[in-house]
Amino acid sequence: MSKFWKPGTEKPRFVEDEEGGVLFYTSASSSSSGHGYASVERQRQRLPVFKYRTAILYLVETHATTIVVGETGSGKTTQIPQFLKEAGWADSGRMIACTQPRRLAVQSVASRVGEEMGVKLGEEVGYTIRFEDITDAELTRIKFLTDGVLLREMMDDPLLSKYSVIMVDEAHERSLSTDILLGLLKKIQRRRPELRLIISSATIEAKSMAAFFNSSRRLQGRDAEGHGPRKEPAILSVEGRGFNVQTSYVEDPVSDYIRAAVSTILSIHDKEPMGDILVFLTGKDDIDAAMQLLAEDSHHKNQGLIVLPLYSGLPRADQDLVFSPTPRGKRKVIISTNIAETSLTLEGVVYVVDCGFSKQRFYNPITDIENLVVAPISRASARQRAGRAGRVRPGKCYRLYTEEYYVNEMSSDGVPEIQRSNLVSCVIQLKSLGIDNILGFDWPASPSPEALIRALEVLYSLGVIDDDAKLTSPTGFQIAEIPLDPMVSKMILASNDLGCSEEVITIAAVLSLQSIWYSGRGSEKELDEAKLRFAAAEGDHVTFLNVYRGYVESNKSSSWCHRNHINYHAMKKVDDVRKQLRRIAQRLGIALKSCDHDMQAVRKAVTAGFFSNACRVEAFSHNGAYKTIRGSQEVYIHPSSVLFRVNPKWVIYHSIVSTERQYMRNVITIEPSWLPEAAPHFYHRQQLDPRLHS
DNA sequence: GAGCACTGC
């Protein structure tokens with residue numbers, strides 16, 4: 001049973017501090033601070049933010065933008081929306097919005113606020129995340145939502161006119177959609193002087209955020225004389241409620257952070273009082289290696305340790321183990337990726353070991369490839385990791401780097417996601433909101449011009465924008481409506497003429513998930529065998545169709561999934577996404593039609609979206625090397641693909657993962673003659689012809 | 001015969 005609470009089920013016990021995202025309480029242990037019987041109102045008044053109630057309301061009244069700097073446990077997320085409502089900001093049909101970067105945070109914060117206000121969730125207090133709209137058009141006054149959902153709402157209501165105040169929470173995380181949202185909100189402010197913004201941010205970022213909202217590139221002074229709120233942002237700082245964390249550093253740089261982490265764990269276990277240990281490493285490989293070393297410990301210092309891995313790709317049942325209570329006399333060691341830095345909160349952690357690195361995505365606009373590389377974390381990240389030790393009582397953090405390095409060499413903040421990503425989806429979103437001058441858009445952090453230009457090129461080649469970089473009609477507007485990567489959306493549009501929309505929508509849904517295969521530890525061989533049962537000669541996309549057909553024929557049975565090494569939760573998600581996509585397809589006038597067993601239609605639809613990912617096998621290659629048609633990059637079929645070692649002559653890939661080699665994930669066979677048909681501007685016949693006969 | 005930090009619509 002999952003420890004995550006889903007609204008509508010039995011009410012969980014709430015942790016006093018709501019900021020971390022996940023709320024869960026596994027045991028019936030009573031609240032340590034002794035106010036378990038205090039009234040809701042008394043509990044609210046104990047939160048640090050309560051002292052600032054009047055100040056916050058005054059600043060929001062008098063300033064267009066208020067930046068609230070508040071650390072974990074201040075109570076800002078749950079209290080500020082309530083203060084605003086009490087002060088009348090939700091009167092006469094208006095609404096207060098509060099955005100979060102993650103779905104789980106939206107659900108848990110909304111239910112907490114609903115509970116504090118004594119109202120049923122979905123009435124006065126509601127929330128909206130993808131696939132779940134728990135709001136009432138008439139009744140809802142305070143609405144929690146992901147920033148991605150608010151961006152989608154702008155497509156129907158560009159000025160977000162139903163909201164009187166919009167609070168953007170966790171802005172310091174600088175996620176892609178938060179940054180796009182902030183840029184757009186600044187634009188909306190010029191048109192709606194009565195709108196109030198509250199940006200919740202961590203200390204370091206507050207000043208640059210204020211500078212962003214203070215600057216205006218044009219029309220300076222136009223409404224400076226008006227009677228509206230002041231334009232320069234107010235900054236208010238609210239203290240947190242975390243416990244003190246004592247930090248220590250290594251004296252000399254370590255050469256092997258995995259070994260250093262393991263010996264730190266053993267020495268904590270040897271010398272320090274009870275309390276769980278949370279270790280931050282970079283990925284699955286690191287985690288496996290560290291667990292191996294701990295198991296091999298020959299001095300038996302590992303007695304009494306319960307060692308658990310934690311990363312997103314881990315099956316859910318294994319993930320849930322980290323939430324089980326630590327048995328008396330034992331000590332839990334959770335060896336985790338960055339998932340424990342923001343997305344999950346672990347109670348009972350007293351010691352944190354921080355290796356100082358994480359895997360980060362970097363996008364190269366020249367090759368159009370996103371790379372995942374191990375890179376040093378920022379000081380902001382290091383502080384966040386350390387804070388994970390001080391949630392229940394004073395804790396300790398062991399940094400596996402020197403203090404000198406932390407102070408002098410570590411960068412203070414990470415690179416915002418928008419400067420590390422492919423921008424195709426982002427650009428089409430802005431275009432659909434009528435923002436034509438993408439290069440001149442006022443971003444909280446500007447992406448590189450190269451990345452923007454590359455995104456415009458890709459959209460042009462897909463026929464989404466025209467020679468004037470305007471959205472084409474209907475293609476461009478239709479693709480903007482579909483909440484997927486534009487190349488996938490193009491594939492769905494093309495399926496209409498090819499009569500295979502049902503199949504292509506299934507493929508799009510599967511591709512939008514991490515993986516539909518169940519990858520339990522030590523069962524790699526069984527997984528490969530299971531894959532063979534569904535493998536299609538045409539490639540991975542058609543294999544997904546076989547899996548989905550089997551799933552439907554089994555009456556969507558979980559035991560069928562289990563027997564076939566398929567992730568049942570992932571298949572349910574496939575169904576959710578399918579339902580949403582079919583609804584959108586119908587709205588766009590795409591006929592829902594199956595092509596039965598005509599896989600040529602499906603392959604042509606994939607080609608229509610992904611023609612730029614075409615590759616040809618090297619004529620004299622013995623190791624399965626391919627070259628991309630676009631850039632002559634050397635690439636290989638990933639060993640997880642059903643076409644691995646089959647090496648058909650012409651393929652199209654869905655994505656590339658780069659490690660020592662560039663591997664193509666999710667590959668399908670095509671005929672080269674389809675390429676100029678799908679994209680005449682992109683492929684000229686004469687360019688391809690000599691190769692067709694070789 | 002080898003690899004996938006984390007989100008989100």
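This is a predicted model, so every value here is computed, not measured. Lettering follows sequence order; numbering is per chain, from 1.
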query: To the nearest Å, how far apart are A:Lys531 NZ and B:dA2 P?
result: 15 Å
query: Any side-chain N or O of A:Ser175 under 4.0 Å from OP1/OP2 of B:dT7?
result: no
task: For A:Leu151, report the nucleic acid contact type (base, sugar-phosphate, nothing); a contact means any heavy atom under 4.0 Å.
output: nothing
task: Let me know the distance between CD of A:Gln580 and P of B:dC9, rounded to the nearest Å.
output: 9 Å
message: I'd like to know if A:Asp147 reaches the base of B:dG8 with its side chain such that a donor and an acceptor end up less than 3.5 angstrom apart.
response: no
query: Roughly how many Å is it from CD1 in A:Ile339 to P in B:dA5, rounded to a whole number?
result: 11 Å
field: Exercise: do A:Thr99 and A:Asp147 side chains pair donor with acceptor under 3.5 Å
entry: no
message: Does A:Arg665 form a side-chain hydrogen bond (donor to acceptor under 3.5 Å, both in side chains) with A:Ser640? I'd like the steps, not just the answer.
response: CA-CA 8 Å; A:Arg665 284 187 75 206; A:Ser640 67; 4.8 Å; no
query: Atom CD1 of A:Ile418 and atom SG of A:Cys426: how far apart are they, to the nearest 0.5 Å?
result: 4.5 Å
query: A:Ile418 has an atom CD1; how far is it from atom P of B:dG8, in whole Å?
result: 18 Å
query: Of the nucleotides B:dG8, B:dC6, B:dG1, which one has an atom closest to the side chain of A:Ser312?
result: B:dC6
statement: Side-chain contact check for A:Leu372: nearest option of B:dG1, B:dG8, B:dC4 is B:dC4
- prompt: Between B:dC6 and A:Thr337, is there an OP1 or OP2 to side-chain N/O distance shorter than 4.0 Å?
  reply: yes
- request: Hey, which sits more toward the 5' end of DNA chain B by its nearest nucleotide, A:Arg361 or A:Pro639?
  value: A:Pro639
field: Whole-Å gap separating P (B:dG1) and CG (A:Asn647)
entry: 12 Å
- prompt: So, for A:Tyr311 and A:Ile339, which heavy atoms are closest and what is the spacing to 0.1 Å?
  reply: CA-CG2, 4.2 Å
query: Within this structure, what is the NZ-to-P distance between A:Lys359 and B:dT7, rounded to whole angstrom?
result: 15 Å
message: Between A:Arg103 and B:dC9, is there a contact of a side-chain N or O with OP1 or OP2 at under 4.0 Å?
response: yes
- prompt: Picking from B:dC9, B:dC4, B:dT7, which would you name as closest to the side chain of A:Val149?
  reply: B:dC9
field: Any donor-acceptor N/O pair, A:Arg661 side chain to A:Tyr636 backbone, under 3.5 Å
entry: no
message: Using whole Å, what does the distance between atom P of nucleotide B:dG3 and atom CG of A:Asn666 come to?
response: 16 Å
- request: Round to the nearest Å and state the distance from A:Gln319 atom CD to B:dC6 atom C1'.
  value: 12 Å
Residue A:Thr146, side-chain atoms from C-beta onward, closest of B:dC4, B:dA2, B:dC9: B:dC9
message: Between A:Lys490 and A:Val464 (side chain of the first, backbone of the second, donor and acceptor by atom type, cut-off under 3.5 Å), is there such a pair?
response: no
- request: Output the single nucleotide from B:dC6, B:dG1, B:dC9 whose closest atom is nearest the side chain of A:Arg645.
  value: B:dG1
query: So what does A:Tyr663 touch, heavy atoms closer than 4.0 Å: a base, only the sugar-phosphate, or nothing?
result: sugar-phosphate
Closest to side chain of A:His638, choosing from B:dT7, B:dG3, B:dG8: B:dG3
